[in-house]
Peer 1: 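Structure incoming, see below.
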Amino acid sequence: MFACAQGRGNGYGQMRALKYDQETGSFAEADRFLSRTWDEPRHAAVHPNNRWVYMCEEKGNKVLYFDFDQETGKLKALQELSTVPETVTGYSDASEVSVDPTGQWVLVSNRYTDILSVYRIDPLTGYLRVTGFYPCLGKTPRFCCFGPDGRYYVANEDSDTIVPFAFDSVTGQLLPALDIVHTGSPVCITFREN
């Protein structure tokens, strides 16, 4: 399990890799990544191969790529990219990171700039390459995830909407659907089985 701690009290954010002991039912720290001061790690997503981990830093507006050793639980940071276009000079907070079900793409939502960042995963190395930035069609995208129907859902907290996007797993393009859900201040999305 990966636990991100923002470190607002002391400035030293971190992501901890925790191993679960089935016999005792407890967690033990296997490794810890300390972020730069005030970058504030927020969420992590694990690639389907269980070797690559992607973490977004809220205040740093970055996505980081880590190599992960399942046996030892050790993390090795290998790459850091911005989650906003280079022309963004104002305030922004990265808020959520997802790996698509095919394991080819990483998506990151950014609050206040209200954009979604899309990155292509190199299938041999795990490194990322930015392929595009898309408007989230709402305000303050607090949470995002892929649904069982393959669409990408964005919970826009301050515009009270959940916006579904068709996701093209070949090109990485996001195309907004017309069935926007209006709901009060969404911060999470779950799906029930039929």
Side-chain angles (χ1 to χ4, degrees), residues 4 6 13 35 38-48 52-65 79-123 126-191:
C4 294
Q6 293 176 308
S35 69
W38 308 116
D39 274 358
E40 298 191 10
R42 183 163 174 87
H43 290 138
V46 181
H47 189 275
W52 302 334
V53 176
Y54 301 94
M55 182 258 290
C56 67
E57 292 182 324
E58 180 176 5
K59 301 299 182 191
N61 291 298
K62 296 178 211 157
V63 60
L64 280 74
Y65 157 53
Q79 184 185 28
E80 173 183 284
L81 294 172
S82 177
T83 62
V84 294
E86 62 188 28
T87 55
V88 170
T89 58
Y91 188 75
S92 183
D93 281 347
S95 54
E96 185 63 65
V97 60
S98 307
V99 176
D100 86 299
T102 69
Q104 298 178 80
W105 305 93
V106 167
L107 292 85
V108 178
S109 60
N110 296 278
R111 292 173 288 159
Y112 310 114
T113 49
D114 301 329
I115 59 171
L116 305 168
S117 310
V118 180
Y119 306 85
R120 176 80 163 153
I121 299 172
D122 184 297
Y127 281 92
L128 299 176
R129 180 179 52 85
V130 68
T131 60
F133 300 98
Y134 298 86
C136 69
L137 303 182
K139 292 178 69 179
T140 319
R142 168 94 37 196
F143 181 82
C144 307
C145 66
F146 283 94
D149 59 1
R151 297 196 300 176
Y152 194 62
Y153 290 84
V154 179
N156 292 307
E157 181 180 20
D158 290 339
S159 58
D160 301 327
T161 56
I162 296 173
V163 180
F165 289 82
F167 181 71
D168 186 328
S169 63
V170 175
T171 65
Q173 288 188 326
L174 289 163
L175 300 170
L178 300 176
D179 52 341
I180 294 173
V181 177
H182 296 274
T183 185
S185 192
V187 296
C188 186
I189 301 169
T190 60
F191 300 91

Peer 1: Within the structure provided, determine whether Val106 and Val97 are in side-chain contact (heavy-atom separation under 4.5 Å).
Peer 2: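 A side-chain contact exists here, since the closest heavy-atom pair is under 4.5 Å.
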
Peer 1: How long is the gap from CD on Glu58 to CH2 on Trp38, to the nearest 0.5 Å?
Peer 2: 13.0 Å

Peer 1: Please find the pair of heavy atoms, one from Ser92 and one from Asn110, that lie closest to each other, and give the distance.
Peer 2: OG-CB, 3.8 Å

Peer 1: Please enumerate all residues that pass side-chain hydrogen bond (donor to acceptor under 3.5 Å, both in side chains) together with Tyr54, with sequence neighbours excluded.
Peer 2: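 Counting only residues at least two positions away or on another chain, Tyr54 forms no side-chain hydrogen bond (donor to acceptor under 3.5 Å, both in side chains).
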
Peer 1: Is there side-chain contact between Asn156 and Val163, with at least one heavy-atom pair below 4.5 Å?
Peer 2: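 Touching, per the 4.5 Å side-chain cut-off.
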
Peer 1: Taking C-beta and beyond as the side chain, do Phe143 and Glu157 meet within less than 4.5 Å on heavy atoms?
Peer 2: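 Of all side-chain heavy-atom pairs linking Glu157 with Phe143, none is under 4.5 Å.
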
Peer 1: Just by modelled atom types, is the His182 backbone N or O under 3.5 Å from a matching donor or acceptor in the Asp160 side chain?
Peer 2: no

Peer 1: Counting C-beta onward and ignoring hydrogens, is there a side-chain heavy-atom pair between Ser169 and Asp100 closer than 4.5 Å?
Peer 2: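 Answer yes - side chains close enough.
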
Peer 1: Indicate the atoms forming the closest heavy-atom contact of Cys4 with Arg42, along with that distance.
Peer 2: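 So the minimum-distance heavy-atom pair works out to CB-O, 3.4 Å.
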
Peer 1: Answer whether the closest heavy-atom distance between the side chains of Ser109 and Val154 falls below 4.5 Å.
Peer 2: no

Peer 1: Would a 4.5 Å heavy-atom cut-off, applied to side chains only, mark Leu64 and Glu80 as touching?
Peer 2: yes

Peer 1: Identify the two heavy atoms, one from Thr83 and one from Ile115, that lie closest to each other, and give their separation to 0.1 Å.
Peer 2: O-CD1, 4.1 Å

Peer 1: Please say which of Asn61, Leu116, Val63 ends up in a side-chain contact (heavy atoms from CB on, under 4.5 Å) with Val108.
Peer 2: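 Checked Asn61, Leu116, Val63 against Val108; only one passes side-chain contact (heavy atoms from CB on, under 4.5 Å): Val63.
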
Peer 1: Nearest 0.5 angstrom please: Ile162 CD1 to Asp179 CG, how far?
Peer 2: 11.0 Å

Peer 1: Of all the heavy-atom pairs spanning Glu96 and Arg142, show the shortest one and how long it is.
Peer 2: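 Closest approach of Glu96 to Arg142: CB-O, 4.2 Å.
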
Peer 1: How far does CZ of Arg129 sit from CG of Leu81, to the nearest 0.5 angstrom?
Peer 2: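 The CG atom of Leu81 is 11.0 Å from CZ of Arg129, to the nearest 0.5 Å.
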
Peer 1: Is any side-chain heavy atom of Phe133 less than 4.5 Å from a side-chain heavy atom of Val130?
Peer 2: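 When only atoms from C-beta onward are counted, Val130 and Phe133 do touch, with a gap below 4.5 Å.
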
Peer 1: Heavy atoms only: give me the nearest Arg151-Asp149 pair and the separation to one decimal.
Peer 2: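 It is N-OD1, 3.0 Å.
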
Peer 1: Show the atom names and distances, to 0.1 Å, of all donor-acceptor pairs under 3.5 Å that link a side chain in residues 183-191 to residues at least two apart or in another chain.
Peer 2:
none

Peer 1: For the atom pair OG1 (Thr161) and CD1 (Ile180), what is the distance rounded to the nearest 0.5 Å?
Peer 2: 6.5 Å

Peer 1: Enter the distance from Tyr127:OH to Asp122:CG here, rounded to the nearest 0.5 Å.
Peer 2: 10.0 Å

Peer 1: I'd like to know if the side chain of Asp93 pairs up with that of Ser95 as donor and acceptor (distance under 3.5 Å, no hydrogens or angles considered).
Peer 2: no

Peer 1: Check step by step if side chain to side chain contact (heavy atoms under 4.5 Å, CB included) holds for Val99 and Trp52.
Peer 2: CA-CA 10 Å; Val99 176; Trp52 302 334; over 6 Å; no

Peer 1: Would you say that Phe167 contacts Leu107 through its side chain, given a criterion of any heavy-atom pair below 4.5 Å between the two side chains?
Peer 2: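 In contact.
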
Peer 1: Tell me which one of Gln6, Lys59, Lys62 satisfies side chain to side chain donor-acceptor pair (under 3.5 Å) with Asp39.
Peer 2: Lys62

Peer 1: About how many Å separate SG of Cys136 and CG of Asp114, when rounded to the nearest 0.5 Å?
Peer 2: 4.5 Å

Peer 1: Check the orientation of Tyr152 and Phe146. Use parallel for under 30°, tilted for 30 to 60°, and perpendicular for over 60°.
Peer 2: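 Geometry flag for Phe146 against Tyr152: tilted rings.
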
Peer 1: For Glu40 versus Ser35, what's the shortest heavy-atom pair and its separation?
Peer 2: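 Where Glu40 meets Ser35 most closely, the heavy atoms are N-OG, 4.1 Å.
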
